[in-house]
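Here's the structure we're looking at; comments come further down.
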Protein chains: 2
Amino acid sequence: MEYTVQKLGNLAGISTRALRYYDEIGLLKPARKSSSGYRIYGQPEVDKLQQILFYRELGLELEQIKNIVNNPGFNGSRALEEHREKLLAKRMQLDLLIINVEKTISAKGGESIMADNEKFEGFKQKLVDDNEQQYGREIRDKYGDDVVNQSNAKMLNMSEEKYQAFTLLEQEVLDRLAEAVKTGDPSSELAQQTAELHRQWLGFTWPSYSKEAHMGLAEMYVADERFAAYYDKVQPGAAQFLRDAIAAYTAQNQ
Amino acid sequence: MEYTVQKLGNLAGISTRALRYYDEIGLLKPARKSSSGYRIYGQPEVDKLQQILFYRELGLELEQIKNIVNNPGFNGSRALEEHREKLLAKRMQLDLLIINVEKTISAKGGESIMADNEKFEGFKQKLVDDNEQQYGREIRDKYGDDVVNQSNAKMLNMSEEKYQAFTLLEQEVLDRLAEAVKTGDPSSELAQQTAELHRQWLGFTWPSYSKEAHMGLAEMYVADERFAAYYDKVQPGAAQFLRDAIAAYTAQNQ
DNA sequence: ACTTGACCTTGACGCAACGTCAAGGTGTAT
DNA sequence: ATACACCTTGACGTTGCGTCAAGGTCAAGT
């Protein structure tokens, strides 16, 4: 089946202007031009447009999309698998915002206290995630990790060194957590070290620290299974354990 | 606590440039200016910025956001409730895309057939949803439904009359489904009428119809509980029933 | 007091991704 | 031939900043 700009635009839900623009920039060329000059698109273009729309949804710039889909080595199936992963990640990021708004509602109702930095939970993560979507895989493969890390660091207004320390500390939290969980005791030395490391990690993105906010975040980790999953990859029950460790940590440092 | 542009920008994950721009357009004015001309923000501005970021996340233009948050009647708590609703809707819309990519992967693997129009499921819904976020509540309240419906119709490249018919038919499907489900028989006259109405509804957005695609969509309705919920609001089990009705309908019209 | 580096200001240019409009050609049904 | 929907190219304009320049301010260290 063949499509002119309006048919294809209707099919996909984009404007004819966008299709002409995509032609102009070399992102999506029509299969051919009719004798009267009309753009005629075919099946391969339909499939390619689908890919383009997924990439666009994930926040990539058109020039980037162009470089990806027009690469001779482009693999449509593999790309689809990646879209899926990234859409799931985007969904999780959206979940962060939903939880944020729910917490803010709760705080507004006087049921809890919310620190200023908590009010922006999710938005900053979105920065890094969006940056990762845009530059992550392709650029890492091509230029190595530094370019992306620099960009992520910039997003969070950190030096590259600081960002590296940030990500290393995150890994250390996970590693220490894995060990601590084996003790089965959230107030054990290892568990308290984990909580302290976690606190240090928070220091990178929080302008100020409070035990309440720390505890609030820990509660969030277990309040929703989607976030518990991040820590439970270390060990089932690790998110709960970390919450308890933080509870002990914040109570002890009162 | 008070913040200068960089502190507030770091807190919220936005650039100093954005904050200055927001000041410039009157969206977010600082609490005061220091003797040296520095912008100084306080607690009310922090809360307001959070609201702005939620609206921005939901796709509203800054001018629109400005009109909303600077309205003397603006109610922060009510706004937060609305953010929550809309974020959940956005999440559902994202789920559509995830299911689409999963179906495309399946089709690529030869496990199923996928029509061209199915490849863009979710993207077109995104158009209407985004439009609704931008213009829905406030404009409907202010000017009535027609302005938004016109805009939605334009999004889907329909006349206003066609869009009205489209939305009315959608309601009719739900109404007929409610009745049909009471028969308990997916091949009953009522159930088959429902499936026929559903097919007509699809005719508004699909350039071509196929039984396979129809069946595929019906499977989607029950494959994921998040979408089943849309039909199950009629009656628990209605999504399943509709799927079965469509199965009978497409088998019978073979 | 002076220096240094981080942070602040205003002003201005430029960009991505189109939306909109104008002028004129094409296809199809009546 | 007419009418209407759709096509083309060309061009201007918009939104929301990113980036840069020039110069002022703040705070800690010497």
Side-chain angles (χ1 to χ4, degrees), chain A residues 2-41 49 52-53 55-67 127 130-131 134-135 150-151 154-155 157-159 162 207, chain B residues 2-41 49 52-53 55-67 127 130-131 134-135 150-151 154-155 157-159 162 207:
Chain A
E2 296 192 326
Y3 303 89
T4 52
V5 288
Q6 193 179 38
K7 282 196 199 295
L8 185 57
N10 284 346
L11 182 71
I14 64 174
S15 68
T16 57
R17 180 72 183 94
L19 285 170
R20 290 191 196 95
Y21 181 65
Y22 295 171
D23 179 10
E24 180 188 321
I25 63 173
L27 172 59
L28 181 65
K29 292 285 181 183
R32 62 188 175 86
K33 288 257 190 128
S34 71
S35 56
S36 49
Y38 285 20
R39 294 173 176 77
I40 308 295
Y41 300 88
L49 181 56
I52 289 166
L53 292 186
Y55 281 115
R56 203 174 70 162
E57 177 63 27
L58 293 167
L60 272 69
E61 290 179 3
L62 297 185
E63 196 59 33
Q64 294 169 309
I65 300 172
K66 173 180 155 190
N67 291 334
L127 275 190
D130 286 352
N131 205 45
Q134 228 183 354
Y135 298 111
Q150 275 176 22
S151 191
K154 184 183 170 189
M155 286 286 127
N157 209 32
M158 295 182 190
S159 67
K162 200 177 172 192
Chain B
E2 294 192 327
Y3 304 89
T4 52
V5 288
Q6 194 179 38
K7 282 195 198 298
L8 185 56
N10 285 346
L11 181 70
I14 66 175
S15 68
T16 57
R17 178 73 181 94
L19 284 170
R20 288 189 197 99
Y21 182 66
Y22 294 171
D23 180 12
E24 179 187 322
I25 64 173
L27 173 59
L28 180 66
K29 292 286 185 182
R32 59 189 177 87
K33 288 254 191 131
S34 72
S35 54
S36 45
Y38 285 19
R39 292 171 178 82
I40 309 296
Y41 299 88
L49 181 57
I52 288 165
L53 292 186
Y55 280 115
R56 205 175 67 162
E57 176 64 26
L58 292 168
L60 272 70
E61 289 181 4
L62 298 185
E63 195 62 30
Q64 292 170 310
I65 300 173
K66 173 180 154 190
N67 290 335
L127 274 190
D130 286 351
N131 204 46
Q134 228 184 357
Y135 298 110
Q150 274 175 23
S151 192
K154 185 184 169 190
M155 286 286 127
N157 208 33
M158 295 184 191
S159 67
K162 201 178 172 190

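What you see below is based on every heavy atom in this structure, not just the backbone, and it leaves out hydrogens, waters and symmetry mates. Here the structure is a predicted model, which is why all the values come from computation and not from measurement. In what follows, chains are A, B, ... by sequence order, proteins preceding strands, each numbered from 1.
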remark   = For nucleotides 7-12 of chain D, 5' to 3', base contacts (B), sugar-phosphate-only contacts (S) and non-contacts (-) with protein non-hydrogen atoms under 4.0 Å give SBB-B-

task = Find the distance A:Tyr22:OH to C:dA17:P and express it as a whole number of Å.
result = 8 Å

query = Do NZ/NE/NH1/NH2 and the carboxylate oxygens of A:Lys29 and A:Glu24 come within less than 4.0 Å?
reply = no

remark   = In whole angstroms, the gap separating C1' of C:dC18 from CG of A:Leu19 amounts to 12 Å

remark   = Assert: residue with more 5' nearest nucleotide on DNA chain C, out of A:Tyr21 and A:Ser34, is A:Tyr21

key: B:Lys66 side chain vs B:Ile25 backbone, donor-acceptor pair below 3.5 Å   = yes

query = Just how far, in rounded Å, is P of D:dC17 from CG of B:Leu28?
reply = 12 Å

inquiry  = I need the CD1-P distance between A:Ile25 and C:dC18, as an integer number of Å.
reply    = 8 Å

N or O in side chain of A:Ser15 less than 4.0 angstrom from C:dG19 OP1/OP2 = yes

request  = Could you grab the distance from atom CG of B:Leu62 to atom CD1 of B:Ile52, nearest 0.5 Å is fine?
outcome  = 8.5 Å

query = Do A:Arg56 and A:Glu61 come within less than 4.5 Å of each other through their side chains, counting heavy atoms only?
reply = no

query = B:Ile52 CD1 to D:dC17 P: how many Å, rounded?
reply = 11 Å

Atom pair distance, as rounded to whole Å: CG in A:Asn10 and P in D:dA5 = 14 Å

inquiry  = Among residues at least two apart in sequence or on other chains, which ones pass side-chain hydrogen bond (donor to acceptor under 3.5 Å, both in side chains) with B:Asn67?
reply    = none

Length of the OH-P vector between A:Tyr55 and C:dA16, whole Å = 21 Å

ask   = Hey, does B:Ile14 have a side-chain heavy atom less than 4.5 Å from the side chain of B:Tyr22?
value = yes

ask   = When the distance from CD of A:Glu61 to P of C:dC18 is rounded to whole Å, what number comes out?
value = 11 Å

